[in-house]
Amino acid sequence: VKSDTTFKFSTLPSLELDRFAPMLAQATRDIPFAICVADMYQPGARLISVNPAFETLTGYQATEVVDENCRFLQGEETEQDAVLQLVEALRAAEPVQLEMTNYKKDGTRFRNLLSLQPVHDSRGTYRYCIGVLADEYHLSGADHESLARLRRVLPRRFEDSDPDAL
């Protein structure tokens with residue numbers, strides 16, 4: 001995790017349905033925390049984008065994880081109660097923040113401070129889930145403050161560009 005906490009989270013754009021994923025990917029590219037976005041319309045809530053900080057944190061390249069479910073980060077010591085809490089939050093389309101043991105591509109464990117933010121379209125349809133990941137062991141006090149700011153500005157809704165879409 002980069003320790004540059006000067007990123008201006010207020011620069012995240014207003015998003016429309018047909019442009020949501022590419023715009024969010026662009027907006028989160030330089031954020032110093034790992035970001036992943038899952039499409040809740042795809043079976044298994046598959047990832048549609050990850051930022052470079054995700055690649056750095058996990059060791060996985062975007063090309064390896066897009067179209068996959070984030071389960072690949074779980075391993076032998078991943079706490080099943082945390083997994084259950086995640087599944088329940090995803091099913092209920094509710095935000096959640098928790099810590100859990102996850103694994104990098106090379107098998108190294110890390111303590112993942114994970115936040116999930118559901119995103120609904122203007123009709124209230126649960127379309128995406130944004131995940132913010134950070135290695136708890138390497139976070140400073142300033143990093144915790146930056147993460148809290150980031151969680152506050154993540155989109156929760158977006159306007160459909162076409163009301164008849166989907």
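This structure is a prediction, so every number in the text was calculated from the model and none was measured.
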Audit row: Leu47, Cys70, side chain to side chain contact (heavy atoms under 4.5 Å, CB included) steps and yes/no: CA-CA 7 Å; Leu47 295 177; Cys70 271; 3.7 Å; yes
Worked check of side chain to side chain contact (heavy atoms under 4.5 Å, CB included) between Phe54 and Val65: CA-CA 10 Å; Phe54 180 96; Val65 300; 4.0 Å; yes
Leu150/Ile35 under side chain to side chain contact (heavy atoms under 4.5 Å, CB included): CA gap, chis, key distance, verdict: CA-CA 11 Å; Leu150 175 58; Ile35 305 283; 3.9 Å; yes
Worked verdict on His144 versus Leu139 for side chain to side chain contact (heavy atoms under 4.5 Å, CB included): CA-CA 7 Å; His144 279 281; Leu139 293 177; 3.7 Å; yes
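Contacts of Lys104 classified as salt bridge (charged side-chain N to carboxylate O under 4.0 Å, His left out), with partners at least two apart in sequence or in another chain: none. Glu77 is linked by a salt bridge (charged side-chain N to carboxylate O under 4.0 Å, His left out) to Arg109, counting only residues two or more places apart in sequence or in another chain. In this structure His120 satisfies the ring pair (Phe, Tyr, Trp, His ring centres under 6.0 Å) test together with Tyr126, sequence neighbours excluded. By the side-chain hydrogen bond (donor to acceptor under 3.5 Å, both in side chains) test, Glu79 is found to be paired with Thr101, Arg111, residues two or more places apart in sequence or in another chain being considered. Partners of Glu136 by salt bridge (charged side-chain N to carboxylate O under 4.0 Å, His left out), not counting sequence neighbours: none found. Listed by chain and number, the residues in a ring pair (Phe, Tyr, Trp, His ring centres under 6.0 Å) with Tyr60 are Phe72 (sequence neighbours excluded).
Heavy-atom minimum distance, Phe110 versus Leu57: CE1-CD2, 3.9 Å.
For the pair Arg127 and Tyr41, the cation-pi criterion (under 6.0 Å, within 45° of the ring axis) is fulfilled.
Separation of atoms CG (Asn112) and CG (Leu133) is listed at 4.5 Å; rounding is to 0.5 Å. Taking CG of Leu73 as the start and CE of Met100 as the end, the distance is 8.5 Å to the nearest 0.5 Å. To the nearest 0.5 Å, atom CG of residue Leu86 and atom CG of residue Leu84 are 9.0 Å apart. Taking CE from Met40 and CZ from Arg91, the interatomic distance works out to 10.0 Å, rounded to the nearest 0.5 Å.
Within 6.0 Å of CD on Gln42 lie more than 12 heavy atoms contributed by other residues, nucleotides or ligands. By the neighbour-count criterion of 12 heavy atoms within 6.0 Å, atom CZ of Arg71 is sparsely surrounded, having that number or fewer from other residues, nucleotides or ligands.
Put simply, Tyr103 and Leu98 are part of two different groups of oily side chains (I, L, V, M, F, W, Y) that touch within less than 4.5 Å, one to the next.
Listed for the Asp39 side chain is no donor-acceptor partner under 3.5 Å among the backbone atoms of Tyr128. Between the Thr125 side chain and the Asp121 main chain, no donor and acceptor come within less than 3.5 Å of each other. A donor-acceptor pair under 3.5 Å links the side-chain atoms of Glu64 to the main chain of Gln61, judged by distance alone.
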